[in-house]
There are 2 protein chains.
Amino acid sequence: MAKTDTRIQKKNQAAIMDAGLAVFSQFGFRGSTLDQVAEAAGLSKPNLLYYFRSKDAIYTALLAKLLENWLEPLREINAEGDPVQELLGYANRKLDMSQHYPRESRLFANEIIQGAPRIADVLQGELRGLVDEISQVINDWVAAGRIKSVDPRHLIFSIWALTQHYADFDVQVRAILGDVDPFDGAQAYLEAMLRGLLEV
Amino acid sequence: MAKTDTRIQKKNQAAIMDAGLAVFSQFGFRGSTLDQVAEAAGLSKPNLLYYFRSKDAIYTALLAKLLENWLEPLREINAEGDPVQELLGYANRKLDMSQHYPRESRLFANEIIQGAPRIADVLQGELRGLVDEISQVINDWVAAGRIKSVDPRHLIFSIWALTQHYADFDVQVRAILGDVDPFDGAQAYLEAMLRGLLEV
DNA sequence: CAATAATTTGACCAACTGGTCAAAGGCAGG
DNA sequence: CCTGCCTTTGACCAGTTGGTCAAATTATTG
């Protein structure tokens with residue numbers, strides 16, 4: 001089974017992942033049912049369980065795939081680059097993810113709000129380590145007088161919070177903005193906010 | 001039933017609301033069970049349904065109570081006051097709510113992430129109207145040169161996003177900060193951010 | 001204290017849940 | 001066309017779910 005995936009396997013596995021993402025990101029793990037996922041994937045429930053051994057397996061696979069991409073933009077921050085440009089770039093990459101992968105953002109948000117039972121170790125290990133590293137870089141920038149003094153961890157939180165807000169609270173944002181596209185204004189606002197906060 | 005509430009009714013209704021808040025805020029509506037709520041309230045399930053006619057009734061009552069307090073801080077912004085102080089005050093009130101009522105914040109977040117099926121009308125009506133009003137006030141401040149030019153709606157989003165982040169993503173924040181209290185740093189950061197963005 | 005009303009509970013139910021399984025259907029290579 | 005494997009499915013199951021109800025228990029009041 002692990003050796004070679006037939007075309008039909010690849011197609012159905014992809015359909016299940018996509019369906020699972022749609023369902024789990026909206027209702028959370030416990031609020032979702034296999035029937036929902038099966039219907040969204042266009043498969044019968046037993047057929048779905050032919051490809052994934054359990055509901056948990058689908059969800060876990062989704063989370064694993066998500067985490068791969070989730071930490072990536074943070075890694076791309078370059079200590080040698082221009083501080084403001086690097087941080088603006090990071091914020092923009094995160095905002096792009098909210099725009100183009102809102103379901104992934106909501107899946108992550110659901111998991112965290114519910115206490116992150118399955119990824120607590122990633123948060124305390126890989127994520128924390130990465131944030132520690134970047135925080136050191138930012139502190140160095142501050143010490144070198146290249147940006148204003150700022151708590152690096154709260155700076156990172158603010159970039160996460162703001163960018164993910166447009167995906168996670170999409171309904172609310174659209175209720176308030178009406179027909180206006182959220183992301184144009186968001187990009188400009190984010191840049192102004194970071195420049196005001198960081199530029200010496 | 002609506003005329004007079006006996007002591008015992010008040011006590012049990014309060015216990016149910018508190019239990020419902022704890023359970024629904026963690027698992028969302030569909031992910032929560034009446035048994036969980038009943039156990040958290042220290043009541044049997046039929047006894048719980050003696051006070052609320054259905055699971056939905058508990059959840060709806062919680063949401064209604066929440067929305068009362070949710071919009072309040074926004075109403076307190078005073079068009080006659082000092083712009084920066086007013087907005088800082090608003091941000092601080094929201095941050096206090098995240099600190100002292102994190103479950104309410106998560107309940108709201110869960111509802112919004114899941115598409116806000118029960119409060120879409122409030123978002124498009126009351127909330128939107130309120131935001132429109134405050135946006136006008138902020139635009140006037142900008143026009144009068146009292147704060148820098150800024151999109152008022154995205155400014156409001158950023159205050160929501162940042163303050164609620166500390167409640168909704170509590171697990172992640174604590175995983176990264178360790179023993180450090182999040183709210184001290186958050187308050188200072190938020191103030192620096194808003195001053196950098198707004199002060200002329 | 002008796003009677004009445006308010007509260008609590010055990011037993012129960014139909015619908016739904018995640019998951020199993022044997023059998024059937026489809027498809028490639030010979 | 002046949003054989004063997006991959007894929008799909010209908011029927012089914014045990015546990016859980018939201019909710020009901022009559023009966024028992026506990027206040028409250030005259």
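Chain letters run A, B, ... following the sequence lines, proteins first, then strands; residues in each count from 1. Computation of the quantities below employed the complete heavy-atom set of this structure, encompassing side-chain atoms and omitting hydrogens, waters and symmetry-equivalent molecules.
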Residues forming a salt bridge (Lys or Arg N to Asp or Glu O under 4.0 Å) with B:Glu39, sequence neighbours excluded:
none
Calculate the interatomic distance between A:Gln9 atom CD and D:dC6 atom C1'; express it in whole Å.
8 Å
Once you round it to whole Å, what is the distance between P of D:dA24 and OH of B:Tyr50?
18 Å
Any B:Arg53 side-chain N or O less than 4.0 Å from OP1/OP2 of D:dT20:
no
Rounded to the nearest angstrom, tell me the gap between atom CZ in A:Phe52 and atom P in C:dT20.
15 Å
Spacing between B:Tyr59 atom OH and D:dG18 atom P, to the nearest angstrom
14 Å
side-chain hydrogen bond (donor to acceptor under 3.5 Å, both in side chains) partners for B:Trp70, two or more places apart
none
To the nearest 0.5 Å, tell me how far A:Leu21 CG sits from A:Arg103 CZ.
4.0 Å
What is the distance, to the nearest angstrom, from the CD1 atom on A:Ile8 to the P atom on C:dG25?
17 Å
Expected list for residues 30-49 of chain B near DNA chain C, using heavy atoms below 4.0 Å, is B:Ser44, B:Pro46, B:Asn47
Check the distance between D:dT16's P and B:Lys55's NZ and give it to me in whole angstrom.
16 Å
With a 4.0 Å cutoff (strictly under), does any side-chain N or O of B:Asn12 reach OP1 or OP2 of C:dA6?
no
Distance-only side-chain donor-acceptor flag, A:Glu111 / A:Tyr59, under 3.5 Å
yes
A:Lys11 NZ - C:dG26 P separation (whole Å)
14 Å
Looking at B:Glu72 and B:Arg75, is any side-chain nitrogen of the basic one under 4.0 Å from a carboxylate oxygen of the acidic one?
yes
Assess, by modelled atom type and distance only, whether the side chains of A:Asp140 and A:Gln136 contain a donor and an acceptor separated by less than 3.5 Å.
yes
Separation of C:dT17 atom C1' from A:Asp56 atom CG, nearest Å, is 15 Å
Can you figure out which of C:dG18, D:dT7, D:dG19 approaches the side chain of B:Ser54 most closely?
D:dG19
Between the CG atom in B:Leu198 and the CD atom in B:Glu86, the distance rounded to the nearest 0.5 Å is 12.5 Å
